[in-house]
Amino acid sequence: MNKNENNLTMDECLQAYYAGYDEEGRLLWRHGQVEYLTTMKLLHDRLKPGDRILELGAGTGRYSVTLAGEGYDVTSVELIEHNLNILKSKITPDMTITAHRGNALDLTNLDGGAAALSDDTFDVTLLLGPMYHLITEEERRTALCEAIRVTKPGGYLFVAYCIADATIVDFIFKKGMLGHVLENNMMNTETFDLYTTPRELFVMTRKRDIDRMIADLPVHRDTYAAADGAANFMRETVDAMDDETFAYFMKWHLSVCESPDLVGATHHSLDVLVKI
């Protein structure tokens, strides 16, 4: 990456990354399906007929379009124009779905100021991507507070995070990236906290950090789950499974994904909150 690229903002880095990244393909691999199927299972367990759903950071619409196809009234907000265009291309006339370009940090300024989301509007709010890319805790709290603001009292918030220790195991040690991480001062070698930059894109956290961040917010936790659990540690094995084996793997995963013993052993976690 040249000097000019090093000076790019996070928004610019994200635009460049997703313009060349196959987000659709990631979720179609068996190991990618585990995160999706787990999220949808926990979501369907809580959805009611007639619920209004908001997805912040909707990407190419994997969740938004599916839920709209199931008959829910969906509002989608996506920052990356490339992703938003793909999402819009999937909308059919029978769907009730509104797609906006906007930033999860400010839901009063969508589509360049042409639209805004009001307080206490949605029964369910999905925040399944933005926490991956908001570098500071202040930004993550702002996004979460905005999501809480527009959710109805008693409504659910589904918040996804990238988890630090899976990255340490899988990339730093297994894939030999320790030198890169140390050279770029991306890890505290005493606490093993990970740091990121706009160039590196992805923010890693731990449950204890999430607990601290939400402690004074007007929510209580419904559940906390390992969204993909073992799947990303054994990608090749999961991808090679036949249908029957994968069905048993998913049945096992769903039976343990909320276990306190295993929620930290995952690349992605899902925090399900209820607005007070």
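Values below: every heavy atom of this structure, side chains too, minus hydrogens, waters and symmetry copies. Since this is a predicted model, take the numbers as computed values, not measurements. In this chain, residues are counted from 1 in sequence order.
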Do [X] and [Y] come close enough that some side-chain heavy atom pair is under 4.5 Å?
X      : Y      : value
Ile163 : Met204 : no
Leu54  : Leu126 : no
Leu56  : Glu146 : no
Met241 : Met234 : yes
Tyr195 : Asn188 : yes
Thr38  : Leu270 : no
Pro153 : Ile276 : no
Leu157 : Val272 : no

Quick one: do Glu236 and His31 satisfy side chain to side chain donor-acceptor pair (under 3.5 Å)? Show the steps, please.
-> CA-CA 8 Å; Glu236 295 82 4; His31 73 268; over 6 Å; no
Please report the shortest heavy-atom distance between [X] and [Y], naming the atom on each side.
X      : Y      : value
Ala227 : His253 : O-NE2, 3.3 Å
Ile148 : Pro218 : CG2-CG, 3.9 Å
Cys145 : Leu217 : SG-CD2, 3.7 Å
Thr39  : Glu35  : OG1-O, 2.9 Å
Leu105 : Ala143 : CD2-N, 3.9 Å
Thr125 : Ala147 : CG2-CB, 3.9 Å

For the pair [X] (side chain) and [Y] (backbone), establish whether a donor and an acceptor sit closer than 3.5 Å, ignoring hydrogens and angles.
X      : Y      : answer
Arg140 : Leu134 : yes
Asp209 : Thr205 : no
Thr266 : Gly229 : yes
Asp242 : Thr245 : yes
Glu78  : Ile80  : yes
Asp228 : His268 : yes
Thr121 : Ser118 : yes
Ser64  : Gly61  : no

Under 6.0 Å from the six-membered ring centre of Tyr224 and within 45° of its axis: does the NZ or CZ of Lys207 meet both?
->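 The answer is yes; both the distance and angle limits are met.
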Report yes or no: is the cationic atom of Arg62 (NZ for Lys, CZ for Arg) under 6.0 Å from the centre of the six-membered ring of Tyr36, at an angle within 45° of the ring normal?
->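 Yes.
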Do NZ/NE/NH1/NH2 and the carboxylate oxygens of [X] and [Y] come within less than 4.0 Å?
X      : Y      : answer
Asp216 : Arg141 : yes
Arg101 : Glu81  : yes
Arg208 : Asp211 : no
Arg46  : Asp51  : no

Taking Leu47 as the fixed residue, which of Leu67, Asp123, Leu42 is the one that meets the side-chain contact (heavy atoms from CB on, under 4.5 Å) rule?
->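 Looking at Leu67, Asp123, Leu42, the match for Leu47 under the side-chain contact (heavy atoms from CB on, under 4.5 Å) is Leu67.
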Let me see the working for Ile53 and Phe158 under side-chain contact (heavy atoms from CB on, under 4.5 Å), right down to the final yes or no.
-> CA-CA 11 Å; Ile53 300 171; Phe158 287 70; over 6 Å; no
Out of curiosity, does [Y] fall in the hydrophobic cluster containing [X] (side-chain heavy atoms, cut-off under 4.5 Å, transitive links)?
X      : Y      : answer
Leu254 : Leu128 : yes
Met250 : Met40  : yes
Phe192 : Met186 : yes
Met213 : Val263 : yes
Phe202 : Ile168 : yes

Judged by modelled atom types alone, do Ser76 and Glu55 share a side-chain donor-acceptor pair under 3.5 Å?
->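 There is no such pair (donor and acceptor under 3.5 Å, judged by atom type) between the side chains of Ser76 and Glu55.
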Starting from the C-alpha separation in whole Å, work towards a yes-or-no answer on side-chain contact (heavy atoms from CB on, under 4.5 Å) for Asp170 and Lys175.
-> CA-CA 6 Å; Asp170 201 18; Lys175 296 184 179 176; 4.0 Å; yes
Return the orientation label for the Trp252 and Phe249 ring planes: parallel under 30°, perpendicular over 60°, tilted otherwise.
->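 Tilted, since the angle between the ring planes falls between 30° and 60°.
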For the residue pair His267 and Phe171, categorise the inter-ring angle as parallel (less than 30°), tilted (30 to 60°) or perpendicular (more than 60°).
->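 Perpendicular: the ring planes of His267 and Phe171 meet at over 60°.
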Should Thr75 and Thr98 be marked as a side chain to side chain donor-acceptor pair (under 3.5 Å) after you check the CA-CA gap, both sets of side-chain angles, and the distance that decides it?
-> CA-CA 5 Å; Thr75 297; Thr98 305; 4.9 Å; no
Determine, stepwise, if the pair Thr96 / Val74 fulfils side-chain contact (heavy atoms from CB on, under 4.5 Å).
-> CA-CA 6 Å; Thr96 303; Val74 177; over 6 Å; no
Give me the one residue out of Lys275, Arg149, Lys152 that meets salt bridge (Lys or Arg N to Asp or Glu O under 4.0 Å) with Asp120.
->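 Testing each of Lys275, Arg149, Lys152 against Asp120, the sole residue satisfying salt bridge (Lys or Arg N to Asp or Glu O under 4.0 Å) is Lys275.
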Between Val203 and His133, is a side-chain contact (heavy atoms from CB on, under 4.5 Å) present by the stated rule, with each step listed?
-> CA-CA 6 Å; Val203 174; His133 304 304; 5.8 Å; no
Criterion side chain to side chain donor-acceptor pair (under 3.5 Å) against Arg30, the qualifying member of Asp243, Thr237, Asp239 =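 Option passing the side chain to side chain donor-acceptor pair (under 3.5 Å) with Arg30: Asp243.
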